[in-house]
A.B. asks: 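Before we start, here is the structure in question, set down as structure tokens.
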Amino acid sequence: MKKYIVFSSDLSLIPLEGKNSRGGKLEDFDDLSIAREYAEGEKGHWDQVILYEKNGELARLEYFLKGRKHSGNVT
């Protein structure tokens, strides 16, 4: 199982995920630096891009909303 997940989505299309390929996309990574690089590259193509670490539970490491970066875990 890979340790990092990048979830990309268009906010208006999230309810259509599974029916519309632009609703959202998940990518798994073993390496944090590669996951961060991927998330940075995706932020201009999606409304939101979230980088999670899987460690029993999901911990949000970075969050891009409309291309703007935020950091920290979900509280």
Side-chain angles (χ1 to χ4, degrees):
M1 183 185 304
K2 300 194 180 201
K3 190 170 179 177
Y4 302 98
I5 296 173
V6 175
F7 174 65
S8 307
S9 64
D10 282 333
L11 296 174
S12 62
L13 298 176
I14 286 175
L16 301 176
E17 189 173 352
K19 299 176 184 134
N20 182 320
S21 61
R22 285 291 291 171
K25 179 171 89 170
L26 286 173
E27 295 289 334
D28 295 326
F29 298 90
D30 289 318
D31 185 89
L32 179 58
S33 62
I34 294 172
R36 278 193 168 129
E37 184 178 317
Y38 178 80
E40 286 278 341
E42 291 293 296
K43 71 181 183 182
H45 305 289
W46 298 90
D47 290 339
Q48 72 176 0
V49 177
I50 306 170
L51 171 59
Y52 293 103
E53 179 180 16
K54 290 188 277 186
N55 193 9
E57 296 182 12
L58 290 179
R60 184 173 70 184
L61 300 177
E62 294 177 355
Y63 176 67
F64 298 92
L65 180 61
K66 305 276 186 179
R68 211 170 140 196
K69 183 178 179 180
H70 305 273
S71 295
N73 290 336
V74 175
T75 55

A.B. asks: Residues in side-chain contact (heavy atoms from CB on, under 4.5 Å) with Glu53, at least two apart?
C.D. replies: Lys3, Tyr4, Leu61
A.B. asks: For Asp10 and Asp47, indicate whether the former's side chain and the latter's backbone hold a donor-acceptor pair under 3.5 Å.
C.D. replies: yes
A.B. asks: Determine whether Glu62 and Ile50 make a side-chain contact, defined as any pair of heavy atoms from C-beta on separated by less than 4.5 Å.
C.D. replies: no
A.B. asks: Going through the distances and angles, do Glu27 and Glu42 end up as a side-chain contact (heavy atoms from CB on, under 4.5 Å)?
C.D. replies: CA-CA 11 Å; Glu27 295 289 334; Glu42 291 293 296; over 6 Å; no
A.B. asks: Of the non-hydrogen atoms in Ile5 and Lys54, which two are nearest, and what is the gap between them?
C.D. replies: CD1-CD, 3.5 Å
A.B. asks: Taking all non-hydrogen atoms of both residues into account, name the closest pair between Phe64 and Ala39 and its distance.
C.D. replies: CE1-CB, 4.0 Å
A.B. asks: So how far is it from Tyr38 OH to Asp28 CG, rounded to the nearest 0.5 Å?
C.D. replies: 10.5 Å
A.B. asks: Where do Val6 and Ala35 come nearest, in terms of heavy atoms and distance?
C.D. replies: CG2-O, 3.7 Å
A.B. asks: Please round to the nearest 0.5 Å and tell me the distance separating atom CD of Gln48 and atom CG of Leu65.
C.D. replies: 6.5 Å
A.B. asks: Rounded to the nearest 0.5 Å, what separates atom CG in Leu51 from atom CD in Glu40?
C.D. replies: 10.0 Å
A.B. asks: Nearest 0.5 Å please: distance from the OH atom of Tyr52 over to the CZ atom of Phe29.
C.D. replies: 14.5 Å
